[in-house]
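As structure tokens, the structure follows; a few thoughts come after it.
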Amino acid sequence: MSSQGRLGPPGNGGPGEGQSGEARKLQEGRVARRKRRKGKGKAGARQGGRGSGAEGKPEPQTAEEAAGLGAEAGARAGPGEEGEGGGSVEEGARRVVRGDEGSAEAGKEAKGGNEGNEEWRARTGRREDARPSRAQEGEGEAWGRFAGAGAAVAAVAAEAEEETAAREPAGRPAAGSALWRLPEELLLLICSYLDMRALGRLAQVCRWLRRFTSCDLLWRRIARASLNSGFTRLGTDLMASVPVKERVKVSQNWRLGRCREGILLKWRCSQMPWMQLEGDSLYISQANFILAYQFRPDGASLNRRPLGVFAGHDEDVCHFVLANSHIISAGGDGKIGVHKIHSTFTVKYSAHEQEVNCVDCKGGIIVSGSRDRTAKVWSLASGRLGQCLHTIQTEDRVWSIAISPLLSSFVTGTACCGHFSPLRIWDLNSGQLMTHLGSDFPPGAGVLDLMYESPSTLLSCGYDTYVRYWDLRASVRKCVMEWEEPHDSTLYCLQTDGNHLLATGSSYYGVVRLWDRRQRACLHAFPLTSTPQSSPVYCLRFTTKHLYAALAYNLHILDFQNP
């Protein structure tokens, strides 16, 4: 009987033409028993070791084996016992799963399973007459086995899909939650009501939602409410090349004060450095030189060898700005220097009788302020370089200066010793006084740094330990917002992201403070020096990932990307 049961291979559509009726009944009995064992949730090869191998060891049933057995049963339930349709169904299912080679292996495993089934039947002594007839089992068994084959094929196809998805971008799921079947415009509208935490959790559902929730459009609203995310108050994106989601992640470090401190440069003697950032380059003054360094790709370190060295002053460089392809510098020797960044071209000319404390340049116009109580307007045009257009008597020492973005006026910050207001606005074309800001300054409340944020708003700080925010549309007599330094220290410099973040540098212990302009209190403070080498923060600049602070002996960095 055992040899007769192996007359036809299990992969064929039915028993061979030369088989006897008894062999056919044996083959049908195997199919019925296989169905009953599968209905109990157990594979034929795992039931008490009665099964798949010659040694009777339990053997797990693979997805390919299940697919082959299901397709075989479906073929036998068809209208013809030897028809070619059964074989084609089996062959098609196996090709979907693993291909021709996999189908041959599945046939061998099924054959081993049939031999184990004959041994099990011999030991149990069950009668063949108790089996249902072929006509009775045809309808239910065929569809049940076909469903089993489909499940196996689907399982293997899902594994293949996961492997493909790991290599290729995820696409929209074909089936699943009703959320996936909505149009993308409607999904964007729904997700626009979610906060940052809800969007992060939604991205963990599947690959497609992770890709969908990384859309810059969804994070733009959150980024505009975050600190230092690259968006100005008017919505202008200053860092369009960086994904918005990544910037929002880093902005949380700014809000929580999580950063890593380091030192980029050191110098031996005490100095009053000034610096500017442009792209991947850092420009910093050291004594009477201006050095240009290139950042490494991480942005947290510099190439030790400078890209360029710009000289020309006989004394220390007090201040400088970058204007297109030029560096405009102001020196303690009373001169203004004009340097071309990508060449060795340098021009210097006498501008003031005493040291030039500040300088600004916009639209081909240079404005300088000096200790000699004057402010002067110069032209940057090659034919008129060094020619003074206006000389303005400020009646006070000028510490800071800034040109309006509209190129119609400029503001001077003085020592507040010869005039009751240290902030005055002058017409750029005529040199006439237009207005002054504030009227309640105490004597000596000099303004050390100021900057325009927009044509009608500007920020100032200085000896009076306040940061003031002025809106020329509202009032010129009183600032609209002010923040007080908690330790009553002079504020040497300030910087803003154009939206909510404000950074200031104090005069003692190199303290850098971060402010959220929607709050009165200081957000975080970072002391960069201790008692023996206490130094003011003379200048600070920051990007969306790093903050750079120049002190008397070194250049510090606060890395918010990798705290």
Side-chain angles (χ1 to χ4, degrees), residues 272 274 285 288 312-321 323 326-339 347-381 384-404 406-439 441 443-452 458 460-464 476 492-493 538:
M272 297 179 63
W274 193 259
S285 64
N288 59 335
H313 290 281
D314 299 328
E315 296 185 20
D316 290 355
V317 175
C318 300
H319 197 280
F320 70 91
V321 293
H326 294 85
I327 300 176
I328 313 299
S329 61
D333 54 1
K335 297 179 180 179
I336 293 177
V338 179
H339 319 268
V347 173
K348 63 176 183 178
Y349 52 88
S350 297
H352 294 269
E353 296 178 0
Q354 298 185 32
E355 63 185 50
V356 185
N357 294 321
C358 52
V359 67
D360 196 10
C361 179
K362 282 186 179 71
I365 298 295
I366 301 173
V367 179
S368 60
S370 172
R371 193 181 182 91
D372 64 2
R373 303 186 177 189
T374 63
K376 294 187 178 182
V377 181
W378 312 83
S379 174
L380 188 59
R384 305 176 65 182
L385 189 63
Q387 180 179 350
C388 181
L389 303 179
H390 301 291
T391 299
I392 301 165
Q393 299 296 329
T394 61
E395 303 174 357
D396 209 346
R397 290 167 292 178
V398 182
W399 296 122
S400 56
I401 204 163
I403 301 176
S404 169
L406 296 179
L407 304 179
S408 59
S409 61
F410 67 94
V411 60
T412 57
T414 62
C416 197
C417 294
H419 196 271
F420 65 89
S421 175
L423 291 170
R424 281 177 283 178
I425 299 178
W426 311 83
D427 186 87
L428 191 61
N429 297 320
S430 63
Q432 299 297 317
L433 177 65
M434 296 176 62
T435 185
H436 59 82
L437 303 179
S439 57
F441 289 93
V447 176
L448 294 179
D449 196 12
L450 57 88
M451 61 179 298
Y452 272 97
L458 57 93
S460 65
C461 69
Y463 284 111
D464 64 345
V476 297
Y492 270 71
C493 55
Y538 291 110

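In this text the structure is predicted, and so the values were computed from the model without any measurement.
Contact annotation: the side chain of Val447 never approaches that of Thr414 to less than 4.5 Å [non-hydrogen atoms, C-beta and beyond]. Within the 4.5 Å cutoff, side-chain heavy atoms of Leu389 are placed close to those of Arg384. At least one side-chain heavy atom of Asp314 sits under 4.5 Å from a side-chain heavy atom of Lys348. Using a 4.5 Å heavy-atom threshold, the side chains of Thr394 and His419 count as separate. In this structure, Ile392 and Thr412 have side chains that are not in contact, with every pair of non-hydrogen atoms separated by 4.5 Å or more. Side-chain contact check for Thr374 versus Gln393: some heavy-atom pair is nearer than 4.5 Å. Under the 4.5 Å side-chain criterion, counting only non-hydrogen atoms from C-beta, Ser379 is not in contact with Gln387. Asp464 has its side chain within reach of Phe441: a pair of non-hydrogen atoms, C-beta onward, lies under 4.5 Å apart.
A distance-only check finds no donor-acceptor pair linking the side chain of Ser460 to the backbone of Leu450 [under 3.5 Å].
With rounding to the nearest 0.5 Å, the separation of CE in Met434 from OG in Ser408 is 6.0 Å. The SG atom of Cys318 sits 9.5 Å away from atom CH2 of Trp399, with the distance rounded to the nearest 0.5 Å. With rounding to the nearest 0.5 Å, the separation of CD1 in Ile425 from NE2 in His436 is 10.5 Å. The distance from atom SG of Cys493 to atom CG of Asp449, rounded to the nearest 0.5 Å, is 6.5 Å. Here Arg373 contributes atom CZ and Glu353 contributes atom CD; the two are 12.5 Å apart, rounded to the nearest 0.5 Å. Here the straight-line distance linking atom CE of Met272 with atom CG of Asp316 works out to 9.0 Å at 0.5 Å rounding.
For Leu448 against Ser400, the heavy-atom pair with the smallest separation is O-CB, 3.7 Å. Taking both residues in full, the closest heavy atoms of Ser329 and His339 are given as OG-NE2, 3.1 Å, listed atom of the first, atom of the second, then distance. When all heavy atoms of Leu428 and His390 are compared, the closest pair comes out as O-CD2, 3.6 Å. For the residue pair Val398 and Asn357, the shortest heavy atom distance occurs at O-ND2, 3.1 Å. Across Gly413 and Leu423, no two heavy atoms sit closer than the pair CA-CD2, 4.2 Å. Minimum interatomic distance between Asp396 and Cys416 (heavy atoms only, all atoms of both residues): OD2-N, 2.9 Å.
Every residue was checked against the ring pair (Phe, Tyr, Trp, His ring centres under 6.0 Å) condition with Tyr452, not counting sequence neighbours, and none meets it.
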Could you walk me through whether Trp426 and Val377 pass the side chain to side chain contact (heavy atoms under 4.5 Å, CB included) check?
-> CA-CA 11 Å; Trp426 311 83; Val377 181; over 6 Å; no
Taking distance alone, no hydrogens or angles, what donor-acceptor pairs closer than 3.5 Å link side-chain atoms of residues 359-368 to residues at least two apart or in another chain?
residue: Asp360; atom: OD2; partner: Lys362; partner atom: NZ; Å: 3.4
residue: Asp360; atom: OD2; partner: Ile403; partner atom: N; Å: 2.8
residue: Ser368; atom: OG; partner: His352; partner atom: NE2; Å: 2.8
residue: Ser368; atom: OG; partner: Trp378; partner atom: NE1; Å: 3.1

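Shown here is Gln354, whose CD atom has more than 12 heavy atoms of other residues, nucleotides or ligands within 6.0 Å.
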